[in-house]
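Notes follow the structure.
The first residue in the sequence is number 1, and the count goes up from there. Only this structure's heavy atoms are used, side chains among them; waters, hydrogens and symmetry mates stay out.
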Amino acid sequence: MTVRTRYAPSPTGAPQLGNIRTALFGWLFARGSDGTFILRIEDTDQARAVEGGIQQQYEALRWLGLNWDEGPDVGGPHAPYVQSQRLDLYRQAAERLVAEGNAYPCFCTVQRLDDLRKQQVAAKQPPGYDRLCRGLSAEERERRLSAGESHVIRFAVPLSGEVTFHDLIRGDVTVQNGTLDDFVIIKSDGYPTYHLAVVVDDHAMEITHVLRGEEWLPSAPRHQLLHKALGIEPPVFVHMSVILGPDRKKLSKRLGATSVLEYRDAGYLPEAIINFLALIGWSLDDKTEIINRQQLLENFRLEDISPSPGILDSEKLRWMNGEYIRALPEDDLAERILPFLLEELPETARKPDLEFVKRIVPLIQTRIEVLTDVWNLTAFFFTEDVFLAPGDLLGKRFQDDQAAALMALQTAERKLAELDSWTATVIEEALRALGDELGLKPRDFFGLIRMGVTGSAVSPPLFESLEVLGREPTLERLASAREVLS
């Protein structure tokens with residue numbers, strides 16, 4: 001059997017982590033099995049469609065490197081791959097079901113259905129359709145259809161017996177038919193519901209394995225009935241568990257319900273997101289945390305997916321992203337950092353080029369966990385001046401001895417101006433010797449210089465930073481610091 005999986009998002013907003021994990025697992029299984037990965041857009045719920053929603057799906061998948069073999073933009077033997085362009089197929093399937101007695105038109109109004117639901121709730125009965133229109137005669141149905149009366153098409157669930165479907169990670173699941181109502185398969189606007197569309201499309205596109213969230217488990221018995229009524233073999237089902245927050249509750253905006261594209265914009269690497277998502281509900285063993293894409297492709301198995309809920313650990317993701325940043329070649333990291341610097345730069349700031357950023361990378365690569373950390377550490381390289389307040393500049397050591405601080409800055413400025421060469425090694429030797437001469441502890445003396453030059457008590461390594469910044473900018477900032485004190 002040639003494996004064919006699909007990722008079938010709705011254009012209802014930016015892709016969340018749970019959506020992308022589904023895509024990732026389907027992609028890994030297809031690629032690891034020499035199979036085919038398909039992108040299909042399920043846009044039959046037109047009321048919930050969001051402008052740009054489809055493009056956001058494309059953007060997220062491409063950023064993560066989850067390429068597809070068939071889809072709306074690349075075509076394929078089963079085009080079109082957008083459900084709103086496949087309405088004839090759903091209509092034909094519905095007409096067949098009606099003709100064979102497995103479906104029927106329902107003319108009940110929204111008001112009647114609302115009233116029915118309220119009555120059932122008040123009577124403490126499970127809400128569901130009462131099959132009123134299922135009992136209409138053929139003549140009555142035809143009369144109302146000919147009159148153009150608004151209607152939906154409902155599937156006629158068998159009134160007795162049971163339905164069983166198999167889930168690869170959950171085993172057999174059996175549901176009594178009596179617990180299912182006659183669900184809608186074609187809406188009054190002519191669009192199919194998810195139930196019919198997904199069954200028709202998965203069969204037409206020869207999907208072998210359906211990976212989707214466990215929220216679709218209650219729908220699986222309905223889909224099994226549709227498969228049987230249409231005389232088609234169902235695919236292998238894999239209903240993956242939900243992703244919960246650290247409090248084991250449904251994700252919220254405050255706790256992780258964030259678009260994958262927002263993680264990208266926050267400075268996370270696609271490699272880290274892939275690794276992190278793969279470990280929510282699946283593992284290589286009980287200890288390995290860093291797993292690259294090739295290792296995932298070689299080791300991923302559907303049977304190893306856990307049916308238990310996965311937990312979103314944001315601290316772990318940040319740590320993991322830092323590990324991937326540290327493993328990047330310096331030139332690669334520089335290329336990834338540059339857009340984030342350009343995004344933060346004020347209009348009056350010095351615009352960095354790639355070669356300059358490459359000089360900065362060795363100073364910060366071990367100090368950042370996300371790419372957006374870079375600006376706070378390196379802003380002083382790009383601004384003409386740094387804002388200094390006397391209190392910040394003096395720190396604890398010089399708080400009560402401003403004259404000593406002023407003398408230290410003056411002598412440091414003079415010493416650095418006299419250097420024959422401007423390298424980190426030469427700068428360090430000169431300043432250490434000067435600190436000993438002044439009787440100052442390195443922490444206090446270097447802290448004063450660091451604050452005077454960078455405007456911050458925290459920065460990349462001092463001597464290397466001075467080398468990259470350059471002699472003249474360094475001397476100008478030390479002079480400005482003197483002016484602040486005097």
For W63, is there any backbone N or O sitting under 3.5 Å from a side-chain donor or acceptor partner on R264? no
Side-chain (K250) to main-chain (V242) donor-acceptor, under 3.5 angstrom: no
Say whether, by atom type as modelled, one donor and one acceptor occur between the side chain of D373 and the main chain of V370 under 3.5 angstrom. yes
Would you please test F237 and W216 for side chain to side chain contact (heavy atoms under 4.5 Å, CB included) and show each step? CA-CA 10 Å; F237 288 110; W216 293 110; over 6 Å; no
Chi angles and distances behind the side chain to side chain contact (heavy atoms under 4.5 Å, CB included) call for F183, V157: CA-CA 8 Å; F183 53 95; V157 174; 3.9 Å; yes
Mutual orientation of the aromatic rings belonging to Y194 and H223 [parallel < 30°, tilted 30-60°, perpendicular > 60°]: tilted
ring-ring contact (aromatic ring centres under 6.0 Å, His included) pairs touching residues 291-346, sequence neighbours excluded, are F25-F300, W282-F300
Does D353 have any side-chain hydrogen bond (donor to acceptor under 3.5 Å, both in side chains) partners at least two apart in sequence or in another chain, and if so, which? none
Side-chain contact, heavy-atom cut-off 4.5 Å: C106 with V184? no
Closer than 3.5 angstrom, by distance alone: can the side chain of R91 be matched with the main-chain N or O of P192 as a donor-acceptor pair? no
Hey, does the side chain of H78 reach the backbone of A204 with a donor-acceptor pair shorter than 3.5 angstrom? yes
Is E355 salt-bridged to K358, cutoff N-O under 4.0 Å? yes
Quick one: does any side-chain atom of R450 pair with a main-chain N or O of P460 as donor and acceptor, under 3.5 Å? yes
Establish, for the pair R359 and F381, whether the NZ or CZ atom is under 6.0 angstrom from the six-membered ring centre and no further than 45 degrees off its axis. no
Shortest non-hydrogen pair, C108 vs C133, comes out as SG-SG, 3.7 Å
For S459, is there any backbone N or O sitting under 3.5 Å from a side-chain donor or acceptor partner on S456? no
Checking salt bridge (Lys or Arg N to Asp or Glu O under 4.0 Å) for the pair D69/R4: CA distance, chi angles, key distance, verdict? CA-CA 10 Å; D69 305 297; R4 290 175 61 85; over 6 Å; no
Separation of L28 CG from L277 CG (nearest 0.5 Å): 10.5 Å
Would E343 and D265 satisfy side chain to side chain contact (heavy atoms under 4.5 Å, CB included), going step by step from the backbone distance to the final call? CA-CA 10 Å; E343 180 72 22; D265 297 342; over 6 Å; no
Answer yes or no: is there a donor N or O on one side and an acceptor on the other, between the side chain of S283 and the main chain of D286, under 3.5 Å? no
Within the distance-only criterion (no hydrogens, no angle test), does the side chain of S465 pair as donor or acceptor with the backbone N or O of P461 below 3.5 angstrom? yes
Does NZ or CZ of R222 fall inside the cone over F155's six-membered ring, less than 6.0 Å from its centre and within 45° of the axis? no
So, do V458 and L377 sit near enough that their side-chain heavy atoms are less than 4.5 Å apart? yes
Any side-chain donor-acceptor pair under 3.5 Å between D115 and Q111? yes
Charged N-O contact under 4.0 Å between E271 and R336: yes
Is it true that R40 and D202 make a salt bridge, defined as a side-chain N closer than 4.0 Å to a carboxylate O? yes
Under 3.5 Å, side chain of K124 to main-chain N/O of Q120, donor-acceptor pair present? no
Could you tell me whether the side chains of D43 and S84 share a donor-acceptor contact shorter than 3.5 Å? yes
Passes side chain to side chain contact (heavy atoms under 4.5 Å, CB included), Y7 versus L211? Steps please. CA-CA 8 Å; Y7 174 52; L211 286 77; over 6 Å; no
L338 versus F356: any side-chain heavy-atom pair under 4.5 Å? no
Step by step, would you call D201 with Y90 a side chain to side chain donor-acceptor pair (under 3.5 Å)? CA-CA 9 Å; D201 285 343; Y90 314 131; 2.6 Å; yes
